[in-house]
Amino acid sequence: MAEYAGPLQERLACDVVPVLLGNGTPTDSSVFDGVDGVVVGGGMTPGYWECLRPRQP
């Protein structure tokens with residue numbers, strides 16, 4: 001986590017909260033309430049999109 005948070009926090013004062021994604025399970029969108037930015041890094045980025053995109057009714 002430090003390899004992602006460190007460079008951000010060197011440039012601006014911010015809180016970094018990890019949201020772990022995986023196995024294609026959609027993420028609860030409420031974890032992003034009040035968020036000003038999102039950084040996606042490491043791993044299978046296309047798979048993360050499946051977890052982040054809005055759920056279809």
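Note that the numbering runs from 1 along the sequence shown for the chain.
Residue pairs meeting the side-chain hydrogen bond (donor to acceptor under 3.5 Å, both in side chains) criterion with at least one partner in residues 8-21, sequence neighbours excluded, do not occur; the list is empty.
Residues Val16 and Tyr4 have side chains not in contact (no heavy-atom distance under 4.5 Å, counting atoms from C-beta outward).
Residues Leu8 make up the rest of the hydrophobic cluster containing Val39, defined by ILVMFWY side-chain heavy atoms closer than 4.5 Å, directly or through other members.
Grouping the Ile, Leu, Val, Met, Phe, Trp and Tyr side chains by contacts below 4.5 angstrom, directly or via other members, places Tyr48 apart from Val17.
Closest of all the heavy-atom pairs between Pro7 and Ala2 is CD-O, 3.9 Å.
Within the model, atoms CG of Asp28 and SG of Cys51 stand 12.5 Å from one another, a figure rounded to the nearest 0.5 Å.
Legend: residues meeting side chain to side chain contact (heavy atoms under 4.5 Å, CB included) with Val31, ordered by chain and number and at least two apart, are Val19, Thr27.
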